[in-house]
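Presented below is the structure to which this report refers.
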Amino acid sequence: MSLIITNIDLHYLTKAENSSDVTLKASNGPIAVTEKMSSFVESLHTVYNSKGSKAFGGFKSEPAEGFNKPFDHLMQDYLDDPEEFIPFSNQASFRLKQELEKYELSETGYLVTCHYEMLGGQFLLVALLPITEHFYVDGELNIAADQHIDTSKLTLAARIDLFAYRDNREGGKYISFIKGRAGRKVSDFFLDFLNCEEGVDPKEQSQTLVEAVEDFVNVSQLDAGEKQSTRKELLSYCKEQKETGREVNLKELSEAMPQESEDNSFYKFCQENDYGMEESFPHDQTVINKVTKYSGYGAGISVSFERSHFGRDVVYDPNRGSLTINKVPPNLKDQLMKLLADTESAPSEE
């Protein structure tokens, strides 16, 4: 991947538990764009793309209360005058400080504001990078502690697609953000800081897409092999889009699928049957994975298998509620044989 940083700035924020005071520290002027910095932002871009629990939306039409200028106005001032990046990032960090003061939450981290180009797109990434303590042995063989940025625990982050913001604001999906799992309050203050509201639902769109593909392969009277090939094309295409941070495009997906002609294409099928899907939309990969794979967990039992095995190697009896596996994976078979041997050699209880 080739990433080009246009501008980047860092601020340090810390707020102790049961305190309303937030300490904010700014960097000493513009940060130099070095090779190491580019590698860091590229890794951050990859980490952000890998986060599955993302939602999408746009800026609110009304400014947030208590602020002279909401985040989107500050951002637009910068886009109109690239020399204003530092004033923009400083004012944005102050907005975050004010929002955080409203909540009884403890937060410590580095706020990174980065405008960069990658794969033909332009993005503004805003993220609060969490800090984790780690231990090490110093030169005197003493145990010492230090802190480092832990991007694997990134939960407060949003990315604005600047081309989509410029060309399609009505679509309401030019902002992506990590959807918090630890309660609404944790992510709400970050969304309020951005003056953002949720729009299109990737999970809902993905579920509709899976349903449309299943309807398509059945109506097209494809044989079992062709059906599975079509499902795999869907999975492969969506995985590639996920890895590069791009949306699912129905026309592109249709061209990747096996089809006899444009009249029998998946794209035309979707148009004729009005599934309510957008022409392009962000997707939820965990939902798409279910098109070729079934899995479940409960009561200490975990089962997972490819759809192509259903009815042959994996047989379900709904009357008995039983699942029969006719081809046991070799590594599982070895474990089962050892378990049988151990059970038979164990002394019986009387």
Side-chain angles (χ1 to χ4, degrees), residues 1-14 24-56 71-72 74-79 81-93 95-96 107-132 134 146-166 174-180 187 190-191 193-194 196 240-247 282:
M1 291 189 287
S2 178
L3 182 144
I4 302 172
I5 297 176
T6 304
N7 282 302
I8 186 169
D9 198 15
L10 285 170
H11 291 78
Y12 176 74
L13 289 97
T14 181
L24 174 63
K25 181 179 179 181
S27 60
N28 296 321
I31 295 176
V33 178
T34 62
E35 185 176 341
K36 186 177 292 186
M37 180 61 75
S38 296
S39 297
F40 170 71
V41 174
E42 187 168 322
S43 68
L44 192 58
H45 174 90
T46 302
V47 168
Y48 183 82
N49 282 349
S50 68
K51 295 289 182 178
S53 55
K54 285 199 285 290
F56 293 77
F71 181 91
D72 49 316
L74 296 173
M75 183 186 76
Q76 188 59 57
D77 289 345
Y78 157 62
L79 295 177
D81 183 1
E83 297 297 323
E84 291 297 306
F85 181 76
I86 295 300
F88 156 59
S89 65
N90 286 338
Q91 291 177 70
S93 64
R95 275 184 56 94
L96 180 59
E107 286 290 344
T108 296
Y110 292 94
L111 179 69
V112 58
T113 307
C114 184
H115 178 190
Y116 66 96
E117 299 179 22
M118 193 167 199
L119 298 174
Q122 283 203 19
F123 306 96
L124 183 73
L125 178 68
V126 183
L128 188 61
L129 306 179
I131 297 172
T132 297
H134 68 271
D146 205 345
Q147 293 182 328
H148 70 276
I149 294 171
D150 191 351
T151 56
S152 66
K153 295 182 180 179
L154 184 66
T155 57
L156 296 172
R159 186 171 64 194
I160 301 160
D161 184 327
L162 294 176
F163 284 161
Y165 167 74
R166 181 192 65 190
Y174 49 84
I175 303 176
S176 65
F177 56 92
I178 298 174
K179 203 166 185 177
S187 58
F190 198 73
L191 294 185
F193 146 64
L194 292 169
C196 171
E240 183 178 343
Q241 298 301 96
K242 174 74 174 178
E243 289 170 358
T244 56
R246 293 181 291 183
E247 296 184 348

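Keep in mind the model is a prediction, meaning the values are calculated, not measured.
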Item checked: Heavy-atom pair with the smallest gap, counting every atom of S89 and H11 -> O-CE1, 3.5 Å
Would you list the atom pairs, donor with acceptor, under 3.5 Å between side chains in residues 115-129 and any protein atom, with sequence neighbours excluded?
| residue | atom | partner | partner atom | Å |
| --- | --- | --- | --- | --- |
| H115 | ND1 | Y78 | OH | 2.6 |
| H115 | NE2 | Q122 | OE1 | 3.0 |
| Y116 | OH | H45 | ND1 | 2.8 |

Checklist line | Partner set under ring pair (Phe, Tyr, Trp, His ring centres under 6.0 Å) for F71, not counting sequence neighbours | finding: F88, F193
Note to self: Just verifying a value: how many Å separate D9 CG and S93 OG, rounded to the nearest 0.5 Å?
What the structure shows: 7.5 Å
Next item on the list: Please report the closest heavy-atom contact between N49 and T244, naming both atoms and the distance.
Entry: ND2-C, 3.9 Å
Notebook entry, point to check: Which heavy atom of V33 sits nearest a heavy atom of S38, and at what distance?
Noted result: CG1-OG, 3.9 Å
Notebook entry, point to check: Roughly how far, to the nearest 0.5 Å, is CG of L194 from CE of M75?
Noted result: 10.0 Å
Notebook entry, point to check: Rounded to the nearest 0.5 Å, how far does CG of L74 lie from CD of Q91?
Noted result: 5.0 Å
Next item on the list: State, to 0.1 Å, how close F190 and A158 come at their nearest heavy-atom pair, and which atoms those are.
Entry: CE2-N, 3.9 Å
Notebook entry, point to check: With side chains defined as the heavy atoms from C-beta onward, is the minimum distance between L96 and L24 less than 4.5 Å?
Noted result: no
Check: How far apart are the closest heavy atoms of I86 and P30, and which atoms are they?
Finding: CD1-CA, 4.0 Å
Next item on the list: Please round to the nearest 0.5 Å and tell me the distance separating atom CD1 of I5 and atom CD of E42.
Entry: 9.5 Å
Margin query: On a heavy-atom basis, which atom in I178 and which in K51 lie closest, and how many Å separate them?
Written below: CD1-CG, 3.8 Å
Notebook entry, point to check: For S39, which residues count as a side-chain contact (heavy atoms from CB on, under 4.5 Å) partner, sequence neighbours excluded?
Noted result: none
Check: From M37 CE over to E35 CD, what is the distance, rounded to the nearest 0.5 angstrom?
Finding: 12.5 Å
Next item on the list: With side-chain contact (heavy atoms from CB on, under 4.5 Å) as the test, would you mind laying out the steps for T6 and F85 before giving the verdict?
Entry: CA-CA 10 Å; T6 304; F85 181 76; over 6 Å; no
Checklist line | Qualifying residues under salt bridge (Lys or Arg N to Asp or Glu O under 4.0 Å), relative to D81, sequence neighbours excluded | finding: none
Check: With a 4.5 Å heavy-atom cut-off, do T108 and Y12 have their side chains touching?
Finding: yes
Next item on the list: Check ring pair (Phe, Tyr, Trp, His ring centres under 6.0 Å) between F40 and all other residues, then give those that pass, not counting sequence neighbours.
Entry: none
Next item on the list: Report the distance from atom OH of Y174 to atom CZ of F56, rounding to the nearest 0.5 Å.
Entry: 13.5 Å
Check: Got a sec, which residues hit side-chain contact (heavy atoms from CB on, under 4.5 Å) with D150, two or more places apart in sequence or on another chain?
Finding: T132, H148, S152, K153
